[in-house]
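Take this structure first; my questions come after.
The structure displayed is predicted, hence computed values, not measured ones. Per chain, numbering begins at 1; letters A, B, ... match sequence-line order.
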Amino acid sequence: MDKVYKHQDVEKKWYTLWEKGGYFTPRPPAGGSGQAPKKKPFTIIMPPPNANDPLHIGHAMFVTIEDILIRYYRMKGNPTLWLPGSDHAGIETQYVFEKKLQKEGKSRFDFTREEFYKTVYNYVMENTDIMTAQLRKLGASCDWTRFKFTLDSDIVKIVYETFYQLYRDGHVYRSERMINFCPRCGTAFSDLEAKDVVQKDSLYYMKYGPFTLATVRPETKFGDTAVAVNPSDKRYKKWIGKEVEVEGLMGKFTMRVIADEVIDPKFGTGVIKVTPAHDPDDFEIAKRHNLEIRRVIDFNGRLNEKTGKYQGLTVKEARKVVVSDLEKKGLIEKIDENYEHSIKVCYRCGMTLEPMLLPQWFVKVDELKKPAMEVVKKGDIEIIPKRFTKQYLNWMTNLRDWNISRQIWWGIAIPAWYCTDCTKIEKIGGITSIPKDAPVVVQEEKPKKCHKCGGTDFIQDPDTFDTWFSSGQWPYATLMTAKPNDFDSFYPTSVMETAADILYLWVARMIMLGIYKTGKIPFHTVYLHAIVRDKHGQKISKSKGNIIDPIEMAEKYGADALRLALIWGIAPGGDSYMGEEKILGMRNFGNKLWNIGRFIRMNMDFFEKQGISIPSYSSSDERSEESRSLLQSSSRLRSNNIDRSNLSPEDKKILTQLGMLERGVTKEIENFQFAKAAERLYEFIWHTFADKYIEEAKVELRKNNAEKLSILIYVYKTCLTLLHPFMPFITEEIFRELNPNNKNPLIASVWPNI
RNA sequence: GGACGAUUAGCUCAGCGGUAGAGUACUGCACUCACAUUGCAGGGGUCGCAGGUUCAAAUCCUGCAUCGUCCACCA
């Protein structure tokens, strides 16, 4: 054995051997004679990484955890499937790509939609290759023969079927509602994608006919269609229902005064202007009072032709100009400059979101959420850590209809068609707007003839699906399309392991859609890991410059060291911190492990040269399928050639401790306590086995005590087996060094039976 | 405005009813005989604050403080 473990060569070599050997593909349950009870399949659907960016440390986190589980169950003999994939990540990818275009001085509007789609597709394909190579580097033992992409035609077909079904069942509808629109990204977002930011703004008290009212958005005044007060507000009672005359920037106009319960008399002066087209609350008020809805801001974030000389100004610019003009006219009474409130910004680009009216497709969640809550309440789906159960249920309770249409090109086109003869199609600020009540045909193919007017020209809905609408179907969509019978064999899956911050965005939707489409839960257990932080506990982000590149770390210290460092010292669901020193420490552990192997190998060589035979102490490499039953039925101590009475107290002690370790590690893995399992192994291997037992054994080895060596080999090999899920490469390499003639690699060895 | 989490050794975190733990950092000694990516030895904490329950509390309860996360349509 080399003096130093060379992880670069070893990792590449073994990954190729494993993959070529077909070890990642699920094998039928053991028990050739058909006597052995069939073991339950163990399945994880990999959260598909976005196909637009190389992997970051968070990906390395889920790879580590999932690979530990997968390797463990595979060694236990369960038919084990880990299905990999990648996500087209609509908005994310389009954003990244448009930024790239911007650098080249271009925009998406320089392309036709088809060209754009094709260009992004090629870009994504290139990235996918990088991404899958990186997953391999980290040791992910997933089944590449079943790799799926969210835009694979068979996946898209299933996404469409679900959409048709939802539409037929009345769970999907098209409607005009106030949505969060990002003028820079040019698309609407769901509520979850709108980030709340608290900031200080000016609150303007402006004169408005006989009233003074407070607003932070004077620039929207051109869209006002009423003035509202609280019905019980004595100050304004006499005005309710009356028309008032208001002096404005574009002359005098009249405005109706209405009363609505939502108006807080304590806010400002107790009077508000109602701007239904640009404020969600005002929109609701307008619906109750049948007010006119007048849009004055376009989808490009600029004021439109209804605003006279202000047309073309951005919201920000317009606010300044409008305020200064109002001041000139003496219409501003006072300005509170320290008004603190929260606004919604685009989670992607940080731009202030404009509440806008645009017809959108929605999933009605009322009926979908009921069973999705039930299964969690009843424990059919267990969420780990437990505290997220409450969060999940709470969120579900308050869940509102889900906007699933996005005004972007990169994604799955919505299969809906409108007859151009009986529909008035408008282009507003780069957005194609189709009226909310337009007759729609929901199907994949372009319809031939309009049932209403007989027209033959149709336009497809210009929008694409929210990425989460397709990834929300991932567990069943993948299994229905990967290999024949996969769905029957592996659905519902065992564990959904993912980051805690997408519990709502993704997990909740998978549960709702999974139950709706298949009648079954998509997975039994949800295991949520928290975010990886840097060594100071800071959130990792590009802007902070504290990025830890997992691939760089794996190249420097080895994937094994990185993997162990990632799960080291964290409670389930607790935040993980990651510093280079930690990886270094784990690399050192690997070095220790390697040197124990060298020590044993050297002694084996020495004994063999002397012609001393080493008794076999039931080594795990010989646990073939045939010997499995033997192992299951009898104690390993009795199944070997060692006379138990010869064991020294130290031997008995180490074997007892080893037994405890086997039980401990097994229990911890099954309880998702990976850090505990790893710590037990670390402690035993280094401080119990190496520091104490081996040191004591040296005396006996010098006396050519072959039985001592056989116990060393046995304990060590067992450790390698137990450690394999955590550090697959180095354990596999040492294992081979100790058994050069054994064809059966450690990845296919049998987990110690307990 | 709600909900949840955190507060333990210089740093990052485990422990969650029974004599304070890990990694890392630090100090001293030790390199022919597996490993200096090492070994041996050691220093370092009234476990955020204040009450309470208990024979016994980092650990359970109550309140407070600070930090963080999520949720919520308030102009």
Side-chain angles (χ1 to χ4, degrees), chain A residues 1 3-5 7 178 180 191-192 194-196 201 203-204 213-218 220 224 228 260 262-264 266-275 278-285 339 341-344 355 385-400 500-501 503-504 530-531 533-539 557-558 561 564-565 568-603 673 675-676 678-680 682-683 686-687 690-691 694-695 698 701-702 712:
Chain A
M1 283 169 80
K3 184 157 185 193
V4 176
Y5 169 65
H7 64 263
M178 198 52 79
N180 312 297
D191 295 338
L192 275 178
K195 258 188 99 66
D196 290 304
D201 270 313
L203 182 63
Y204 303 95
L213 56 79
T215 178
V216 284
R217 302 205 60 183
T220 63
D224 298 348
D260 199 288
V262 299
I263 315 302
D264 179 0
K266 291 193 199 81
F267 180 85
T269 57
V271 188
I272 68 151
K273 63 192 198 63
V274 185
T275 321
H278 300 289
D279 184 283
D281 299 321
D282 292 3
F283 181 65
E284 292 304 314
I285 294 172
Y339 177 62
H341 69 150
S342 80
I343 55 156
K344 285 189 186 297
K386 263 205 191 82
R387 63 189 153 89
F388 285 108
T389 306
K390 205 173 164 187
Q391 274 194 32
Y392 170 87
L393 292 173
N394 185 38
W395 183 76
M396 274 289 192
T397 309
N398 299 318
L399 189 59
R400 297 187 305 166
D501 53 4
L503 173 63
Y504 307 136
I531 54 167
R533 296 170 177 276
D534 76 0
K535 63 180 171 181
H536 303 295
Q538 292 272 311
K539 216 168 180 172
Y557 300 107
L564 206 55
W568 194 259
I570 57 160
D575 285 356
S576 167
Y577 82 101
M578 181 45 61
E580 204 166 330
E581 320 83 71
K582 194 166 159 181
I583 309 172
L584 187 96
M586 296 304 132
R587 194 274 316 263
N588 294 353
F589 173 62
N591 176 256
K592 174 57 83 174
L593 188 73
W594 180 254
N595 277 291
I596 300 170
R598 279 182 72 212
F599 176 75
I600 290 175
R601 182 69 256 176
M602 283 163 108
N603 277 284
Q673 299 273 359
K676 276 190 185 168
E679 278 157 28
R680 274 175 191 263
Y682 182 100
E683 178 65 24
W686 201 323
H687 301 301
D691 289 349
I694 291 183
E695 288 307 317
K698 282 177 179 172
L701 290 174
R702 279 187 210 115
L712 278 177

*Base, sugar-phosphate, or nothing for A:Ile263, non-hydrogen atoms under 4.0 angstrom?*
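Base, at least one base heavy atom under 4.0 Å.
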*asked:* Which nucleotide wins on minimum distance to the side chain of A:Arg598, given the candidates B:G23, B:A34, B:C73?
replied: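 From the listed options, B:A34 comes nearest.
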*asked:* With hydrogens left out and only the distance checked, is there a donor-acceptor pair under 3.5 Å joining A:Lys390's side chain and the base of B:C4?
replied: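 Between B:C4 and A:Lys390, which were checked side chain against base, a qualifying N/O pair under 3.5 Å is absent.
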*Which is true for A:Asp691 with a 4.0 Å heavy-atom rule: it touches a base, it touches only sugar-phosphate, or it touches nothing?*
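Since only primed, P, OP1 and OP2 atoms lie under 4.0 Å of A:Asp691, the category is sugar-phosphate.
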*Nearest-Å distance, CG (A:Leu712) to P (B:C35)?*
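Roughly 16 Å, once rounded to whole Å.
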*Classify the nucleic acid contact of A:Tyr682 as base, sugar-phosphate or nothing, counting any heavy atom under 4.0 Å across all strands shown.*
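Answer is sugar-phosphate: A:Tyr682 comes under 4.0 Å of backbone atoms only.
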_Does A:Lys386 reach a base, just sugar-phosphate, or nothing at all? Heavy atoms under 4.0 Å._
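No contact at all - A:Lys386 keeps every heavy atom at 4.0 Å or more from the nucleic acid.
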*Remember a base hit wins even if backbone is also touched, and classify A:Tyr5 as base, sugar-phosphate or nothing at under 4.0 Å, heavy atoms.*
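The answer is nothing, as A:Tyr5 stays clear of every strand by at least 4.0 Å.
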*How long is the line joining CE of A:Met178 and P of B:A72, in whole Å?*
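A:Met178 atom CE is separated from B:A72 atom P by 17 Å.
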*Describe, in one word, how the ring planes of A:Tyr5 and A:Trp594 are oriented to each other, choosing from parallel (under 30°), tilted (30 to 60°) and perpendicular (over 60°).*
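Geometry flag for A:Trp594 against A:Tyr5: tilted rings.
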*To the nearest Å, how far apart are A:Asn398 CG and B:C71 P?*
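After rounding, the reported distance stands at 12 Å.
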*For atom CZ of A:Arg702 and atom P of B:A34, their distance in whole Å*: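 Interatomic distance, CZ of A:Arg702 to P of B:A34: 8 Å.
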*Tell me, which stems hold RNA chain B, with a stem being 3 or more Watson-Crick or G-U pairs in a row and both distances under 3.5 Å?*
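If one scans RNA chain B for consecutive Watson-Crick or G-U pairs, the stems found are B:1-7 with B:65-71, B:10-13 with B:21-24, B:26-30 with B:38-42, B:48-52 with B:60-64.
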*Tell me which nucleotide among B:C35, B:A14, B:C70 gets nearest to the side chain of A:Glu695.*
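Selected nucleotide: B:C35.
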*Within the modelled atom types, does a donor on one side and an acceptor on the other bring the side chain of A:Asp264 and the base of B:C74 under 3.5 Å apart?*
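It does, because a donor-acceptor pair links the side chain of A:Asp264 to the base of B:C74 below 3.5 Å.
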*Report yes or no: is the cationic atom of A:Lys592 (NZ for Lys, CZ for Arg) closer than 6.0 Å to the six-membered ring centre of A:Tyr682, at no more than 45° off its axis?*
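Not satisfied by the 6.0 Å and 45° rule.
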*Is the distance from OP1 or OP2 of B:A22 to the nearest side-chain N or O of A:Lys582 less than 4.0 Å?*
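So the side-chain polar atoms of A:Lys582 never come under 4.0 Å of the phosphate oxygens OP1 or OP2 of B:A22.
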*asked:* So, using side chain to side chain contact (heavy atoms under 4.5 Å, CB included) as the criterion, who are the partners of A:Tyr557 when residues are at least two apart?
replied: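 So A:Tyr557 forms a side chain to side chain contact (heavy atoms under 4.5 Å, CB included) with A:Met553, A:Ala561, A:Glu580, A:Ile583, A:Leu584, A:Arg587.
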_Using a 4.0 Å heavy-atom cut-off, does A:Tyr339 contact any base of the nucleic acid, only the sugar-phosphate backbone, or nothing at all?_
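Counting heavy atoms under 4.0 Å across all strands, the contact made by A:Tyr339 is with sugar-phosphate only.
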